[in-house]
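Here, residue 1 is the first one in the sequence, and each next residue gets the next number.
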Amino acid sequence: MRNMKTICTKFACFIFALFACSAAMAESITSPNGQLQLNFSVNAQGEPVYELSYKGKVVIKPSKLGLELKDDPGLMNGFTLTDTKTSTFDETWEPVWGEEKQIRNHYNELAVTLNQKAQERNIIIRFRLFDDGLGFRYEFPLQKNLNYIVIKEEHTQFAMTGDHTAFWIPGDYDTQEYDYTESKLSEIRGLMEGAITPNSSQTPFSPTGVQTSLQLKTADGLYINLHEAALVDYSCMHLNLDDKNFIFESWLTPDAQGNKGYLQAPCTSPWRTVIVSDDAREILASRITLNLNEPCAYEDVSWIKPVKYVGVWWEMIAGKSTWAYTDELPSVKLGETDYKKTKPNGRHGATNENVKRYIDFAAENGLDQVLVEGWNEGWEDWFGHSKDYVFDFVTPYPDFDVKMLNEYAHSKGVKLMMHHETSSSVRNYERHMDQAYQFMVDNGYNAVKSGYVGNIIPRGEHHYGQWMNNHYLYAVKKAAEYKICVNAHEAVRPTGLCRTYPNLIGNESARGTEYEAFGGSKPFHTTLLPFTRLIGGPMDYTPGIFDTKLEFMGDLPHGQVQTTLCKQLALYVTLYSPLQMAADLVQNYEKHMDAFQFIKDVAVDWDESKYIEAEPGDYLTIARKAKGTGNWFVGGITDENARTATFALDFLEPGKKYVATLYADGKTADYKENPTEYQIKKGIVTSKTRLSVKEARSGGFALSLIEATPENSKGVKKWK
């Protein structure tokens, strides 16, 4: 019995020591307001594990972390926790442009050092817990046994607590231009085939793969958003779903050899982000993505200005005009083809006469710039031929006089916006980049819209791989040397890099207005973009289509925009961007100049933003205060269901009067049958005024609230 007692005592001591060891390997922190809690531990296999809860509810169940490496045991297991450091950070910073004048960056941090004894190497996992969510990343210190790293796959998990509702687009290495699908997680597999619609370059990878930023909603009312921040020198992350256990796992974009990334220590991964709230409006108000990026890299930012622009674009998208100068050339060789010997096709959009008309309209209506696409030689065979030397970005067609048009624009206080379509021949773009940017400077351009349509050259690379991500940032940093702002289309989805490089003034990187001419987008599309694509940064969505039935196309084949005219106005507020296009034709605006007044008035830079109503996939009402003024603008939109937006103007300064101008759907407005019916109402309002506005199916409203003066309020009656 004595021996048995001794054995039992020793066994109990062993069990106690084991639990004590496990407890020592578990760490936790809470958010500054105490509502979020992060737990971290290393399990019996030496695998790093984290979990996240919000107000006592589990958000992320225990989820493993790690990276699988090529020709290496990997950074998946065999770890012991050797060091922990906690800290608190609290600052307020001012963006160069943004949704508000100041942003608070307040978090509690936990940095854990993990030792992989068998390989004699360490990694650090750094967690930052904000009041609105979590950011974490992998860090690779310089050390003898972990220097050059080839990633086979990153295995970061996000284990969901159930079969949540998701608003998703298919995972794809080359395009984000898909319409959203709303479904349960368990339904993604069955819906994937129908969600993958044709595109000029696409590489879906899994029947349950989806893209970030992914918006989710739980059955008990939690809103969860998964994304990444500070995507630098790394491959873009998708999410692959284990739909039996409802676990998302990171899935990186490969290169031409199938590898997922190349790292050299010391280095870090991008941040992986989880934004969570029981109020959808707080998802929109989150600034985690920006806060996890580095401060502005430029000392002088005086040359970076938000702009409102028009352009020679929609007429080509709709099919009325062409980018190409002639129809006689099935093949073009730059420097050899003589366009002066060819017959113009008569439908070329970028002509001196047409561009002048847009310049005049911009000048008359206080718009800043005019985009012109199809101005340069090479558009006759630019796409689909895997062509390397496709454009030179400096040689105009015979009917486009660069010097004259820029002088004409500048004489009227307007600038032209450059267009660089690369046709995804990236080597060719880098070959010409300095010359192209210098050409812009020499001719008075200060902003460029770049494009990456088609499959990437070098062949086999993908739009969202590490190599291309490095190129996009190279283009932005190179442009800054010439004081040029960049709006890149078809580039990787934004991850907050505009904080560090604010001349990255816009991106497309999602399904924009152009698809309204290609068959339309779902009516709920724009209610989702602020919860998904815009979590990473602003979008050049190109709103403002007034002729939603495209009647200017006559008998030519065309689609129909799936919104009312007033919803188009509302998008200038609900879809934040410091770069806003009035995308329709001049002639279509001239028929509705009373409604166009809102586009003229609405700001593109803001001191404050209020998210009044929000439900992803259903509706949005957002109010914003124009930079440096007391004026506010409100936009409200709905999905395919008509609704009434009811809200107070309590965000206005108490005691002040404002002239309110409401642009609302007409009584019989309908996005399919009667999209252009609208009504305009004026009145004097205060912070105590409440409004009730009816929104048609896929409709909306726009509201300007201008501080009252004796001049602007003369004859305007109190709001009723």
Asker: Say whether, by atom type as modelled, one donor and one acceptor occur between the side chain of N365 and the main chain of L367 under 3.5 angstrom.
Answerer: no
Asker: Hey, is the main chain of G496 close enough, under 3.5 Å, to the side chain of T289 for a donor-acceptor pair?
Answerer: no
Asker: Quick one: does any side-chain atom of N293 pair with a main-chain N or O of C498 as donor and acceptor, under 3.5 Å?
Answerer: no
Asker: Nearest 0.5 Å please: distance from the CD atom of E430 over to the OG1 atom of T422.
Answerer: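 Between atom CD of E430 and atom OG1 of T422 there are 10.5 Å.
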Asker: Yes or no on ring-ring contact (aromatic ring centres under 6.0 Å, His included) for H525 and Y180, after CA distance, side-chain angles and deciding distance?
Answerer: CA-CA 7 Å; H525 182 65; Y180 282 91; 5.7 Å; yes
Asker: Under 30°, 30 to 60°, or over 60°: which ring-plane class applies to F633 and F598, parallel, tilted or perpendicular?
Answerer: perpendicular
Asker: For residues P502 and P95, determine if any side-chain heavy atom of one lies less than 4.5 Å from a side-chain heavy atom of the other.
Answerer: no
Asker: With a 4.5 Å limit on heavy-atom distance, are the side chains of Y178 and R511 in contact?
Answerer: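 They are not in side-chain contact.
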Asker: Quick one: list whatever passes side chain to side chain donor-acceptor pair (under 3.5 Å) with Y298, sequence neighbours left out.
Answerer: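 Expected list: N503.
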Asker: Hey, does the side chain of H432 reach the backbone of F393 with a donor-acceptor pair shorter than 3.5 angstrom?
Answerer: no
Asker: Can you classify the ring geometry of F140 versus Y138 as parallel (below 30°), tilted (30 to 60°) or perpendicular (above 60°)?
Answerer: parallel
Asker: Quick one: sort the F127 and F40 rings into parallel, tilted or perpendicular, breaks at 30° and 60°.
Answerer: tilted
Asker: Evaluate ring-ring contact (aromatic ring centres under 6.0 Å, His included) for F89 paired with Y107, printing each intermediate quantity in order.
Answerer: CA-CA 5 Å; F89 186 80; Y107 58 81; 5.3 Å; yes
Asker: For H227, run the side-chain contact (heavy atoms from CB on, under 4.5 Å) check against P270, P494, S213 and tell me which one passes.
Answerer: S213
Asker: Determine the sole option in H471, H463, H489 for which the ring pair (Phe, Tyr, Trp, His ring centres under 6.0 Å) test with Y452 is passed.
Answerer: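 For Y452, the ring pair (Phe, Tyr, Trp, His ring centres under 6.0 Å) check succeeds only for H471.
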Asker: Does D368 have any side chain to side chain donor-acceptor pair (under 3.5 Å) partners at least two apart in sequence or in another chain, and if so, which?
Answerer: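 Once residues adjacent in sequence are excluded, D368 has no partner under the side chain to side chain donor-acceptor pair (under 3.5 Å) criterion.
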Asker: Between Q466 and Y262, does any side-chain donor sit less than 3.5 Å from a side-chain acceptor?
Answerer: no
Asker: Among side-chain atoms of R104 and T92, is any donor-acceptor pair under 3.5 angstrom?
Answerer: no
Asker: Quick one: does any side-chain atom of S250 pair with a main-chain N or O of E154 as donor and acceptor, under 3.5 Å?
Answerer: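 Indeed, once roles are kept as given, a pair shorter than 3.5 Å links the two residues.
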Asker: Hey, what's the ring geometry for F158 with F136, parallel, tilted or perpendicular (30° and 60° as the breaks)?
Answerer: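 Plane angle between 30° and 60°, so tilted.
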Asker: Tell me which one of Y445, W375, Y429 satisfies ring pair (Phe, Tyr, Trp, His ring centres under 6.0 Å) with H420.
Answerer: Y429
Asker: For the backbone of H462 and the side chain of D174, can you confirm whether one donor and one acceptor N or O come within less than 3.5 Å of each other?
Answerer: no
Asker: Below 4.5 Å, heavy atoms only, C-beta onward: do L36 and L52 meet side chain to side chain?
Answerer: yes
Asker: For R281, enumerate each residue passing the side chain to side chain donor-acceptor pair (under 3.5 Å) test, keeping only those at least two apart in sequence or located in another chain.
Answerer: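 Partners of R281 by the side chain to side chain donor-acceptor pair (under 3.5 Å) criterion, ordered by chain and then number, come out as D279.
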Asker: Output, in order, the C-alpha distance, side-chain angles, deciding distance and verdict of salt bridge (charged side-chain N to carboxylate O under 4.0 Å, His left out) for E508 and K449.
Answerer: CA-CA 10 Å; E508 182 190 38; K449 172 184 173 181; over 6 Å; no
Asker: Of the non-hydrogen atoms in L226 and F248, which two are nearest, and what is the gap between them?
Answerer: CD1-CD1, 4.1 Å
Asker: Begin with the C-alpha distance, continue with both residues' side-chain angles, and end with the deciding distance and a verdict on salt bridge (charged side-chain N to carboxylate O under 4.0 Å, His left out) for E99 and R287.
Answerer: CA-CA 10 Å; E99 296 181 73; R287 301 293 175 252; 3.7 Å; yes
Asker: Considering non-hydrogen atoms only, spot the tightest contact between I288 and S286 and give its length.
Answerer: N-OG, 3.3 Å
Asker: For Q176 and V492, work out which heavy atoms get closest and say how close.
Answerer: OE1-C, 3.9 Å
